[in-house]
Every structure is written in structure tokens, then in C-alpha cells.
Amino acid sequence: TNDTEAVNLLEEVLTGRLGGAGTQRYRDALRELGDFHYATAAYERSAEKYDEFVQRVESAIAQQVPTIEDDALILPTVRYRLADSLRLSTRAIDRQLTVAMPDEDARILRQLREQRLSRASELYEAVCQELGDALADGSRLTTLEELMLRNSYFYRGDCAFDLGDYESAIRHYDAARERYPKDPAALVAMTQVVSAYLARGDHEKASVANQRAKQFYESLP
């Protein structure tokens, strides 16, 4: 019941009254507001806050600001939520496109949808790279980071599939299945590969992929 008050207080921080845009509390407010909007499925708003946070942290890193270390450490997790916000926000666009509207309005919405999915795909790729490198360097990921890494592998495929880039979708889904061969989510990736082959009109490969998916399904406990 006090969510509105919390949001108002965070928005007050973002007016700059408690310090400029380069301060820690300003970046904290951006991230907290992003988290709130993300949790309440206001994905356009969360994407806006996360995007500004990422840009400000990256700028501070480039300028070698000495107080940026903590924000730099959580940058991959915020980048993941930015990607997720962009991807999930396209669902609202899909619903809008089912309603009759002028051709120009529909064109603008389709272009916006494509931009968001493309950016989300790039961000998921960055998360895979950053967290994958951390693992390779011997760092231990938190449970949340492990989940974000796993999801990023699968969501890269989803973004490509929704963009109609079926060749990339197949490649990403196969990479996710190979990395997480025993994860039940691999079944979703395998069935999406079938759909991608069908969308390309390659029924022979779709049949082979479908058989492989059925065998995997039967192996699940």
C-alpha cells in the first residue's frame, strides 16, 4: 500500500535535489525504480530506468570514476533485466497490432518491436559473454546470476524467432540445449527448432528435430 509513496520518493531523488546525476544515490534510485516497474510488469518504464542506469555506469567506468566498482559488479544483472524488459514489452505491441489501425501506425509499431527485440538480443549476448567470462576466470556466480545466464542462452533464441530470423534462432536454441542438456527448458528450445524449420519450409529437418524432441521428452523424469 505504500508503493506510491516509495515511487514518489525515488522520483524526487531523480530530480537531482539530493545530488546530481553522477551520484551513487541517483544511480541507486534509477535501479530501484527499474526493479519496481519490472516487478509490476511495467516493462517500458523499467527499460527506461535500466537503460539510463547502464549508460551512466558504462560512462563512469570509461571515465575511471573511483566509486563505480559496486555498480560495475551488478551491471550484468541490470543489463539482463533491461533485455528482459525490452523483450517482454513487445507483447503489448503484439496485442496492439491485432487491432485495426492506419497502415503508418502499424508500420511504426512493427519497427519499434523489431528495434526492441534486436536490442534485447544484443544485451542477452552481452550477459552470456560477461557471466561466461566470469565463470571461465574461476569466479563463482550467485544463484541469480546462474539463472540469468541460463535464461539469456534460451532468450537469445526467442528474440531471433520472434524477429523471423529462423536460422539464428536454430543456432541459439542448439547452443542453449548443448550448454544445458539436462534442463527441462531444453525441450522448449527443441520444439522451437521444429517450428523454425517448419517456418522455413524445411519439413525433413523439422521431422528429424521433432523426433529428437520426443526422445528427450521421454527421457525426462
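Just so it is clear, the values below take in all heavy atoms, side chains as well, and ignore hydrogens, waters and symmetry mates. As the structure is a prediction and not an experimental result, all values here were calculated from the model.
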(request) State, to 0.1 Å, how close A83 and L123 come at their nearest heavy-atom pair, and which atoms those are. (result)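 It is CB-CB, 3.6 Å.
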(request) Locate the shortest heavy-atom distance separating C128 from L149; write the atom from each residue and the value. (result) CA-CD1, 3.7 Å
(message) Same cluster or not: V208 versus V194, using hydrophobic residues (I, L, V, M, F, W, Y) connected whenever any side-chain heavy atoms lie under 4.5 Å apart?
(response)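 Unlinked, V208 and V194 end up in two clusters.
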Would the distance check show the side chain of [X] and the main-chain N or O of [Y] forming a donor-acceptor pair, the cut-off being under 3.5 Å?
X: S118; Y: Q115; answer: no
X: R113; Y: D162; answer: yes
X: D183; Y: A185; answer: yes
X: S152; Y: M148; answer: yes
X: N8; Y: T4; answer: yes
X: Y38; Y: L82; answer: no
X: S121; Y: L117; answer: no
X: T23; Y: G20; answer: yes

(message) Would R156 and Y153 count as a cation-pi pair here, with the cationic atom under 6.0 angstrom from the ring centre and within 45° of the axis?
(response)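 Yes.
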(request) Please say whether more than 12 non-hydrogen atoms of neighbouring residues, nucleotides or ligands are located less than 6.0 Å from CD in E114. (result) no
Do [X] and [Y] meet the criterion of a side-chain donor-acceptor pair at a distance under 3.5 Å?
X: Q63; Y: S59; value: yes
X: Y26; Y: E52; value: yes
X: R212; Y: Q215; value: no

(request) Name the orientation class of the two ring planes belonging to Y124 and Y155 (parallel below 30°, tilted from 30 to 60°, perpendicular beyond 60°). (result)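 The arrangement is tilted - the two ring planes meet at 30° to 60°.
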(request) Mind running salt bridge (charged side-chain N to carboxylate O under 4.0 Å, His left out) on R87 and D84 for me, showing each step along the way? (result) CA-CA 5 Å; R87 179 180 63 85; D84 228 30; 2.9 Å; yes
(message) Measuring from atom CZ of R25 to atom CG of L30, what distance do you get when rounded to the nearest 0.5 angstrom?
(response)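 One gets 13.5 Å once the value is rounded to the nearest 0.5 Å.
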